[in-house]
Amino acid sequence: MSDPLLDTDLPVVLHEVHAAATPYLEALTDRPVHDPATASLLADLSGDLPDKGEGSVAAVRRLLRIGTATATNSAGPRFYHFVIGGSTPAALAGDWIASMLDQNAAFRASSAFATEVETVALHWLRELFGLPEGYGGALVASATFANFTSLAAATHWWGERHGVDVAADGIAGLPRLPVLSGGYVHPSARKALQMLGHGGQSVEVYARDAVGRVDVDAIERRLASYGGPAVIIGNAGEVNAGDFDPVDELADLAERYGAWLHVDGAFGIFAALSPRTAGLVRGIERADSIACDAHKWLNVPYESGFAFLRDPARLGRAFGMPGAAYLPGPDDPGGGYAMLGPESSRRARSLPIWATLAAYGRAGYQAMVERHVDLAQRLAGLVDEAPDLERLADVPLCIVCFRARPPGVPDSALDGLNKRLGEALIADGRVFAGTTVYGGRVALRPAIVNWRTTERDIDQFVATVRELLADLTP
Ligand SMILES: *Cc1c(COP(=O)(O)O)cnc(C)c1O
């Protein structure tokens, strides 16, 4: 039997990708976010597993043809749903290099290069956000995994307070971990607690209104009456309106009652980059753990999150893998980030982070964040001017929460109308934004975090929303 891998067309395959990349990426500026008419092409992916493969060039051509036609163009400037971000040129190139070098960033012994890049990338991220020197962390796959990593360290701390080594003995003999938060707590924090065996229901929500603003006094009463070790989750940037819990006040409580303060700053931590918005995250430098995403506002490819710990040694205690003779021990100089987070073998996701920070620096990212903050204000202004739109929240950062409210439509019909508007936007494809429920009302909540987004994209978004709304309200 012939072995096709011994006779590959590597230069041709790489050339195919390179030749497709430039036109695809340059067209993102003008392309719709998705083209529903191309969906039928997805059928070209399937069929039975081939016995004799078609060869690398043909396979890669097919993937490129289907991918460039059917992909959601969320890397472009008008995808406003979910807080997504794109990929800067340097980050994209860094990601290609990560695949080219195919390093295992588990241990210094498997790649001294990847371990060093990760160390520098974490150091730069810490400086970018102005966190104090002692903070250290690990790169993980996402903010969900950063919440998981942080809350695993918190679990280890909490076990210690009860005299139990959770890494060795688990949590079965312990009381339920109390996790206190406001209504802004992200579902991924619950998911992390689910994965850690605490159960998503361990989150106790203390909110003072329908929107979910945290009730700090109620959290304080709970801490005072409980008396034992608890975890507080502060939310720095919630996904409906981009609002912030008062992290400083939560840090005061954590100090006073000996609680662990975890802050979910998936995208909100980027407020620290501009003096105009830094006040929103005041106090984050007092957190015990912080969860963030790089694949959102840093604009690097998926999968890229990071967790910062005030006492980074806790990561080794929670995630070390003692026992296998062929693996480095916890104090071994051959050790590495596999011992500091949930994954073992892992790709060198530090390369795009390093590349983009080296390329654009602190000032480049400050300028981008400030552009996005200005664009959010522009969008808020356009919503305020439009007779058929109604803004539902202040705009502290990069998300504008609003709904359609054309004159003459009764209040009771607005939720249905806005739901249909969200569906119409997604079906139309020129821009992308979906609905949420904010304070009991169906609303749109576009987030502006893509490096490509400009005023033109904001104006086009509002024009498209109003055009589709006019079609829905004869
Ligand atoms: C996006 C987000 C998450 C989850 O991030 P993933 O990268 O999707 O896992 C968690 N918290 C907040 C506040 C977010 O915005």
Side-chain angles (χ1 to χ4, degrees), residues 72 74-75 79-87 91 125 129 137-152 154 179 181-196 200 203 205 207 211-214 231-245 247 250 261-272 277 280-281 284 287 289-308 341-343 346-347 349 352-353 369 372 376 393 396-401 432-434 436 438 445-450:
T72 306
S74 48
F79 189 99
Y80 301 113
H81 209 14
F82 307 131
V83 194
I84 284 265
S87 190
L125 288 169
F129 302 121
L139 301 182
V140 292
S142 62
T144 299
F145 266 94
N147 278 327
F148 174 84
T149 303
S150 300
L151 292 167
V179 181
S181 192
Y184 291 163
V185 62
H186 192 270
S188 67
R190 280 205 174 81
K191 177 172 174 175
L193 291 160
Q194 224 166 283
M195 293 191 283
L196 287 163
V203 181
V205 170
V211 161
R213 288 185 184 87
V214 63
V231 170
I232 302 171
I233 297 182
N235 303 288
E238 78 35 268
V239 293
N240 280 333
D243 197 15
F244 287 70
D245 287 343
V247 176
L250 297 176
L261 176 61
H262 170 62
V263 175
D264 180 348
F267 65 91
I269 196 171
F270 283 78
T277 47
L280 295 169
V281 284
I284 200 167
S289 56
I290 305 171
C292 317
D293 264 329
H295 57 223
K296 289 178 177 170
W297 220 345
L298 197 68
N299 281 266
V300 307
Y302 297 96
E303 299 156 343
S304 195
F306 48 99
F308 276 112
E343 295 151 290
R346 49 213 281 287
R347 76 186 256 106
R349 59 170 64 95
I353 296 176
V369 165
H372 290 153
L397 196 62
C398 60
I399 299 178
V400 181
C401 185
F432 203 105
T436 186
Y438 182 76
R445 45 89 131 101
I448 302 160
V449 292
N450 187 297

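First listed ligand is number 1; within each ligand, the first listed atom is number 1.
Side chain of Arg213 to main chain of Ala207: no donor-acceptor pair is present (N/O by atom type, distance under 3.5 Å, no hydrogens or angles). The closest donor-acceptor contact from the side chain of Asp264 to the backbone of Ile233 lies at 3.5 Å or more, if one exists at all.
At a 4.0 Å heavy-atom cut-off, ligand 1 touches Thr144 through backbone and side chain alike. With a 4.0 Å heavy-atom cut-off, ligand 1 is reached by no atom of Phe145. With a 4.0 Å cut-off on non-hydrogen atoms, Ser188 touches ligand 1 through its side chain and not its backbone.
Of all protein heavy atoms, the one closest to atom 11 (N) of ligand 1 is Asp264 OD2, 2.7 Å.
Atoms of ligand 1 lying under 4.0 Å from any heavy atom of Phe267, numbered from 1 in the order shown and given with element: 15 (O).
Under the 4.0 angstrom criterion for non-hydrogen atoms, Gly305 is not in contact with ligand 1. Lys296 counts as a contact of ligand 1, since one of its heavy atoms falls under 4.0 Å from the ligand. Look at Val83 and you'll find every heavy atom at least 4.0 Å from all atoms of ligand 1. Ligand 1 has at least one atom lying under 4.0 Å from a heavy atom of His295.
Residue Asn147 has no N or O atom closer than 3.5 Å to an N or O atom of ligand 1. The shortest N/O to N/O separation between Ala143 and ligand 1 falls below 3.5 Å.
Relative ring orientation between Phe308 and Phe306 is described as perpendicular, the plane-to-plane angle rising above 60° on a 0-90° scale split at 30° and 60°.
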